[in-house]
Protein chains: 2
Amino acid sequence: MARKTGSHSEITGPRIRAEAQRLFARHGFAAVSMRQIAAAVGVQAGALYLYTPDKEALLFDLLKTHMDGLLAAWAEEPKGEGARARLEAFVRFHIRYNLERAEAVFLSYMELRNLGPENFAVIEGLRKTYETELEAILKAGQAEGVFDLPDSKLATMAIIAMLTGVNTWFRAGGRLSRETVEAIYWDMVRKAVSA
Amino acid sequence: MARKTGSHSEITGPRIRAEAQRLFARHGFAAVSMRQIAAAVGVQAGALYLYTPDKEALLFDLLKTHMDGLLAAWAEEPKGEGARARLEAFVRFHIRYNLERAEAVFLSYMELRNLGPENFAVIEGLRKTYETELEAILKAGQAEGVFDLPDSKLATMAIIAMLTGVNTWFRAGGRLSRETVEAIYWDMVRKAVSA
DNA sequence: GTCTATACAGAGATAGAC
DNA sequence: GTCTATCTCTGTATAGAC
């Protein structure tokens, strides 16, 4: 049998990551084989190893790319003046950005345990950096006197868990638009932290 | 080589479930082999099939048992009078019950996708039943005029996500006791839904 | 850069001895 | 009820042809 094609390195790399992300999110990292990924891309299993040293590195690449993108996007997000405006910006940004990347978000908190210690620490560090962004807003609001929080750490974890939870039930075209959901969650968050 | 021992059927069944839960929670369902479970119990892999028809049934049994226990425990929980007291009871119950069963909780929302459609539907139904308990409290509070919610469905999902999130960071012996965490979360929930 | 072919380990599950 | 032994399939990863 003849080989099917020639060189496609510029397109194959991104396609491998895209299919891997889709399959990992759907079935779980451990349940997906390199053969499955290769079949989805349309290459042989062996060919994947031209683009990644191993399966874990493929997962790490997906998680790292996602977290880097999240932090970069938040850095560029318009935030307004004052802790209250910044908190509203955070709430709306988190819901919107995560809903637009449901698979990557799902992976980032479900498949962390499949990373080795070094890779795990990198992703955890980025996550911590993101959480610190929110905590800084909450602390600033407390200093300004517009928020009243029993504990800024717990409030940070509570708000992020609540916002990320939207991904588990939201469906585009459902009862509520994303903008409406953003507004409702902002209302709940605003009340929960207000003085 | 001689066999190690005789009959242990009354003790082996529960031990298999206990070790499976521990291993599934730690490494993920797909990453754990029947041989690993058998080794942890101290029997041979083939012996597991005297207690479960297959690996998925073992997972389903764990999830089903957990959800049944959760619903039964909530049914027996003292709740007090009025929506506000009932909501506080729910918040504290959810945090306490879930923290005491971290492995089972983790499995119940991480490994659902490893169930076949019928088993999946059973667990989803139980989860839905539990969510409806909270939503009923929120609706009652709205009728009583003590809560002000833009949307009872979203508030339900937001509160459950926020409360369940405690399991991801709480460590016994850490900065805050479980009771303190309960109180702080109740404070945030109370403010978020209050009129 | 991709292919075929394959090495090697480990998976889930079953059969039959004891 | 548990064991050993084994079937069959699938896993990750590599070697070497083209």
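Order of the sequence lines sets the chain letters (A, B, ...), proteins ahead of strands, with each chain counted from 1. As the structure is a prediction and not an experimental result, all values here were calculated from the model.
Among pairs with a residue in residues 112-141 of chain A, those fulfilling ring pair (Phe, Tyr, Trp, His ring centres under 6.0 Å) read A:F90-A:Y130, A:H94-A:Y130, at least two apart in sequence or across chains. For the salt bridge (Lys or Arg N to Asp or Glu O under 4.0 Å) condition, the pairs that include at least one residue of residues 158-183 of chain B, sequence neighbours left out, are A:D151-B:R175, B:R92-B:E182, B:E100-B:R178, B:R178-B:E182. Residue pairs meeting the ring pair (Phe, Tyr, Trp, His ring centres under 6.0 Å) criterion with at least one partner in residues 134-175 of chain A, sequence neighbours excluded, are absent. Listed by first and then second residue, the side chain to side chain donor-acceptor pair (under 3.5 Å) pairs that reach into residues 65-75 of chain B are B:K64-B:D68, B:W74-B:E133, sequence neighbours excluded. Listed by first and then second residue, the salt bridge (Lys or Arg N to Asp or Glu O under 4.0 Å) pairs that reach into residues 51-62 of chain B are B:R17-B:D61, sequence neighbours excluded.
Distances from the side chain of A:Y49 to the nucleotides D:dC3, D:dT14, C:dT2 place D:dT14 closest. Picking from C:dT2, C:dA13, D:dG1 the nucleotide with the shortest atom distance to the side chain of A:T12 gives C:dT2. Checked against D:dT2, C:dG12, C:dT2, the side chain of A:Y51 finds its nearest nucleotide in C:dT2. Listed candidates were C:dT2, D:dA13, C:dT4. Nearest to the side chain of A:A47 is C:dT2. Checked against C:dG1, D:dC3, D:dT12, the side chain of A:M34 finds its nearest nucleotide in D:dT12.
The nearest whole Å value for the distance from the CG atom in A:L23 to the C1' atom in D:dT12 is 16 Å. What separates CG of A:D54 from C1' of D:dG11 is a distance of 14 Å, to the nearest Å. Regarding B:F29, its CZ atom lies at a distance of 11 Å from the C1' atom of C:dG12, rounded to whole Å. Note: CG (B:L48) to P (C:dA11) measures 12 Å, nearest angstrom. Following rounding to the nearest Å, A:E56 (CD) and D:dG11 (C1') show an atom-to-atom distance of 16 Å. For the pair A:I37 CD1 and D:dA13 P, the interatomic distance rounds to 10 Å; values are reported in whole Å. Atom P of nucleotide D:dG11 and atom NE2 of A:H27 are separated by 12 Å, given to the nearest angstrom. The distance between atom CG of B:L58 and atom P of C:dG12, rounded to the nearest whole Å, is 11 Å.
Not one side-chain nitrogen or oxygen of B:S33 sits closer than 4.0 Å to the OP1 or OP2 atom of C:dG10. Listed pair A:Q44 / C:dC3 fails the phosphate criterion, with no side-chain N or O lying under 4.0 Å from OP1 or OP2.
Side chain of A:R127 to main chain of A:S108: a donor-acceptor pair is present (N/O by atom type, distance under 3.5 Å, no hydrogens or angles).
Residues forming a ring pair (Phe, Tyr, Trp, His ring centres under 6.0 Å) with A:Y97 (at least two apart in sequence, or on another chain): A:F93. The side chain to side chain donor-acceptor pair (under 3.5 Å) test applied to A:R113 returns B:E111, not counting sequence neighbours.
Of the residues near DNA chain C, A:A45 and B:Q36, the one whose nearest nucleotide (by heavy atom distance) lies more toward the 5' end is A:A45. Checking B:V43 against A:A31, the closest nucleotide of DNA chain D that is more toward the 5' end is the one next to B:V43.
The pair B:E103-B:R22 fails the salt-bridge criterion, with no side-chain N (NZ, NE, NH1 or NH2) lying under 4.0 Å from an Asp/Glu carboxylate O.
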Under 3.5 Å between N/O atoms: give me all the protein pairs with nucleotides 5-9 of chain C, atom names plus distance.
none

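Among the atoms of the strands shown, none is found under 4.0 Å from any heavy atom of B:V41.
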Q: Please report the C-alpha distance between A:R101 and A:L70 in whole Å, then the side-chain angles of each, then the deciding distance to 0.1 Å, and finally whether the side-chain contact (heavy atoms from CB on, under 4.5 Å) criterion is met.
A: CA-CA 10 Å; A:R101 290 157 186 84; A:L70 174 72; over 6 Å; no
Q. Using Watson-Crick and G-U wobble pairs whose two distances are both under 3.5 Å, how do you write the pairing of DNA chain D as dot-bracket, with | for links to another strand?
A. ||||||||||||||||||
